[in-house]
Amino acid sequence: MGTRGVATAGMSLTGSLTRAARAVAARVEHVLAKESLTLDQWLVLDALSGKGGLAMADLADRTLTTGPTLTRVVDKLVTTAQAYREVDAADRRRVLVHLSARGRATHRHVAAKVGEVEAGLGLAEDVLVALRGLGA
């Protein structure tokens, strides 16, 4: 196909995006491993940053993590005092997950390192906007 076609040099858009996502994830996971965090744990910490608390369903939507995996991830963050659970005062059937003070400190520290990795990719702003649009 031409320069505007979906497939270029034998690789589909899906293949290209998957390869790119895996390459970025590998670089970020390298940084996270030094901080004793997994990518799933980082995604939860990042989703909770700046929020008053999120229900598990909201966290699953924001992190694209399945229910059982998300439960294990949150359990680990609670065990390490990075997060805590609280019954929602507005709806006692819901449990909200919040970052603890330790979790906020971890997020600030790790966000800077992840930001360095992401900045090192050299992606143009219009590419980032397009990728965010695809993920919405």
Side-chain angles (χ1 to χ4, degrees):
M1 293 190 156
T3 58
R4 298 185 58 72
V6 174
T8 303
M11 185 160 305
S12 68
L13 174 62
T14 302
S16 296
L17 287 173
T18 301
R19 287 177 59 80
R22 289 179 180 168
V24 172
R27 290 177 186 179
V28 171
E29 285 172 334
H30 181 73
V31 169
L32 296 175
K34 293 176 184 175
E35 305 297 328
S36 300
L37 290 171
T38 66
L39 184 57
D40 285 330
Q41 289 169 338
W42 168 248
L43 292 173
V44 169
L45 289 173
D46 197 45
L48 291 172
S49 70
K51 307 284 183 258
L54 292 172
M56 291 292 280
D58 296 328
L59 267 176
D61 286 343
R62 290 172 189 254
T63 61
L64 300 177
T65 306
T66 63
T69 298
L70 184 59
T71 297
R72 284 191 299 276
V73 168
V74 170
D75 285 348
K76 179 67 173 179
L77 292 172
V78 168
T79 299
T80 59
Q82 304 285 338
Y84 64 94
R85 294 181 176 99
E86 178 180 64
V87 174
D88 186 350
D91 182 350
R92 308 260 325 140
R93 296 169 295 181
R94 288 179 9 133
V95 174
L96 302 176
V97 181
H98 299 266
L99 278 185
S100 66
R102 182 177 185 178
R104 285 189 300 276
T106 298
H107 181 268
R108 279 190 304 273
H109 172 74
V110 175
K113 293 181 178 204
V114 170
E116 289 174 11
V117 169
E118 292 174 349
L121 297 172
L123 295 175
E125 187 62 29
D126 59 335
V127 172
L128 293 173
V129 169
L131 289 172
R132 289 182 185 117
L134 285 174

| query | Got His107 and Asp46 here, is their nearest side-chain heavy-atom distance under 4.5 Å? | reply | yes
| remark: Nearest heavy-atom contact between Leu32 and Leu39 is CD1-CA, 3.6 Å
| Side-chain heavy atoms under 4.5 angstrom apart, residues restricted to Ile, Leu, Val, Met, Phe, Trp, Tyr: same cluster for Val44 and Trp42? | yes
| Within the side chain of Thr65, is there an N or O that forms a donor-acceptor pair under 3.5 Å with the backbone of Ala60? | no
| note | Distance col, row Gln82:CD vs Thr79:OG1, nearest 0.5 angstrom, shows 11.0 Å
| query | Minimum heavy-atom separation for Ser100 to Ala81, with atom names? | reply | OG-O, 2.5 Å
| Hey, are the side chains of Thr63 and Asp40 touching, using non-hydrogen atoms and a 4.5 Å cut-off? | no
| field | Nearest-0.5 Å distance that lies between atom CZ in Arg62 and atom CG in Leu54 | value | 5.0 Å
| request: State which residues pass side-chain hydrogen bond (donor to acceptor under 3.5 Å, both in side chains) with Asp58; sequence neighbours excluded, sorted by chain then number. | output: none
| field | From CA spacing to verdict: side-chain contact (heavy atoms from CB on, under 4.5 Å), Leu77, Val97 | value | CA-CA 10 Å; Leu77 292 172; Val97 181; over 6 Å; no
| note | dist Leu96:CG -> Met56:CE (nearest 0.5 Å) comes out at 11.0 Å
| said: Show me the pairs that pass salt bridge (charged side-chain N to carboxylate O under 4.0 Å, His left out) and involve residues 64-87, at least two apart or across chains. | reply: Asp75-Arg85
| task | Flag the pair Val74 / Leu59 as yes when at least one side-chain heavy-atom distance between them is below 4.5 Å, and no otherwise. | result | yes
Side-chain polar contacts of residues 113-136 - donor-acceptor pairs under 3.5 angstrom, sequence neighbours left out - could you list them?
| residue | atom | partner | partner atom | Å |
| --- | --- | --- | --- | --- |
| Lys113 | NZ | Glu35 | OE2 | 3.0 |

| field | Minimal non-hydrogen separation, Tyr84 against Val78, with atom names | value | CA-CG2, 4.2 Å
| Can you tell me how far CG of Leu45 sits from NE2 of His109, rounded to the nearest 0.5 angstrom? | 12.0 Å
| query | Which heavy-atom pair separates Ser36 from Gln41 by the least distance, and what is that distance? | reply | O-OE1, 3.9 Å
| request: For residues Val73 and Leu43, determine if any side-chain heavy atom of one lies less than 4.5 Å from a side-chain heavy atom of the other. | output: no
| query | Can any side-chain N or O of Arg92 pair as donor or acceptor with the backbone N or O of Val87 at less than 3.5 Å? | reply | no
